[in-house]
Amino acid sequence: MVAAAGRGERMGSHTPKQYLALGGRTIIEHTLATLLAHPRIAGVLVVLAADDALWPGITELNGKPVRTATGGATRSASVMAGLHALPTSVAAHDFVLIHDAARPCVRKPDIDRLIERAGQHEGGLLAVPVRDTLKRANADQCSVATESRESLWRAFTPQMFRRGALTKALQDASSAGIEVTDEAMAMERAGFTPLLVEGAADNLKLTTTEDLAEAEWLLSRIPASEGR
Ligand code: CTP
Ligand code: MG
């Protein structure tokens, strides 16, 4: 599933960021091309904003189905809507990978590793250990303490969980009024321990205009053997 129902407000562009072009293709087209080139991904459900006028109407890529659903006001509402819209051929115990449309630089070897490792566990996510020293700021933006980075990871996507367990975890968090920022947070709340699968640090989530040039450069360098 590709979450693409956001407005990209921090990008400050009129066009939602997933439709900005990088090297001749839109960001979402790069993302879909990589996912659907993967032999273990059977198809993609793209979650779009209700007022999306730019979706190019793709229904098939690499001979695999591409479906769409309408998302909600938050990322978790969009993912929940997508889970409900998945076809019945996706059973409750089947694994679903949830990926941000705004992460076009994800690489095939990372998807391989995620499917391999998280599939032997109760699910998991691509992540990267925190490498920088972490500072605690006061109200004047002055550093008052140094925090330990030990055991801290940055959570990326794809995140991979079983359809049934993830649907329940997201519904339970929503009923409790808790806004989860990723799928793993809902699963942790439900008592699961998602496996952190170390991935490439350059699987960036394109957030501001500064990220665009870096992503364009990265995309031009990712070899075809890595899935594009
Ligand atoms: N997303 C979604 N539904 C929402 C909000 C976000 O499907 N209601 C998707 C975005 O399209 C994006 C991914 O979740 O691919 C990660 O979210 P983020 O990077 O925050 O994207 P936006 O919400 O679009 O950007 P911003 O927060 O700057 O407005
Ligand atoms: Mg957002």
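Note that ligands are numbered from 1 as they come in the structure, with each ligand's atoms numbered from 1 the same way.
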Quiz item: Short N/O distance, under 3.5 Å, between Val47 and ligand 1?
Solution: no
Exercise. Assess whether atom CZ of Arg67 is packed by more than 12 heavy atoms of other residues, nucleotides or ligands within 6.0 Å.
Key: no
Practice problem: Please say whether more than 12 non-hydrogen atoms of neighbouring residues, nucleotides or ligands are located less than 6.0 Å from CD in Glu214. | Solution: no
Quiz prompt | Closest candidate by heavy atom, reference atom 2 (C) of ligand 1, pool Ala5, Pro16, Gly72 | solution = Ala5
Quiz item: Can you tell me the protein heavy atom closest to atom 3 (N) of ligand 1 and the distance?
Solution: Ser78 OG, 2.7 Å
Exercise. Would you check whether Ala73 reaches within less than 4.0 Å of ligand 1, judged by its heavy atoms?
Key: yes
Practice problem: For ligand 1, note which part of Ala101 has a heavy atom under 4.0 Å away: side chain, backbone, both or neither. | Solution: both
Quiz item: What part of Glu9, side chain, backbone, both or neither, has a heavy atom within less than 4.0 angstrom of ligand 1?
Solution: both
Quiz item: Polar-atom distance check: Gln18 versus ligand 1, any N or O pair below 3.5 Å?
Solution: no
Quiz item: Looking at atom 11 (O) of ligand 1, what's its closest protein heavy atom, distance included?
Solution: Gly6 N, 3.0 Å
Exercise. Could you tell me whether Arg103 approaches ligand 1 through its side chain, its backbone, both or neither, with non-hydrogen atoms closer than 4.0 Å?
Key: neither
Quiz prompt | Met11, Lys205, Lys17, Arg10: member with heavy atom nearest to atom 21 (O) of ligand 1 | solution = Lys17
Quiz prompt | For atom 13 (C) of ligand 1, the protein heavy atom that lies nearest, with its residue and separation | solution = Asp100 OD1, 3.4 Å
Quiz item: Nearest to atom 22 (P) of ligand 1 by heavy atom, Ala3, Gly71, Gly8: which?
Solution: Gly8
Self-check item: Side-chain donor-acceptor contact under 3.5 Å, Glu188 with Thr193
Solution: no
Quiz prompt | Set of residues satisfying salt bridge (charged side-chain N to carboxylate O under 4.0 Å, His left out) with respect to Asp94, sequence neighbours excluded | solution = none
Exercise. Would you check the N or O atoms of Thr207, main chain and side chain alike, for any that come under 3.5 Å of an N or O of ligand 1?
Key: no
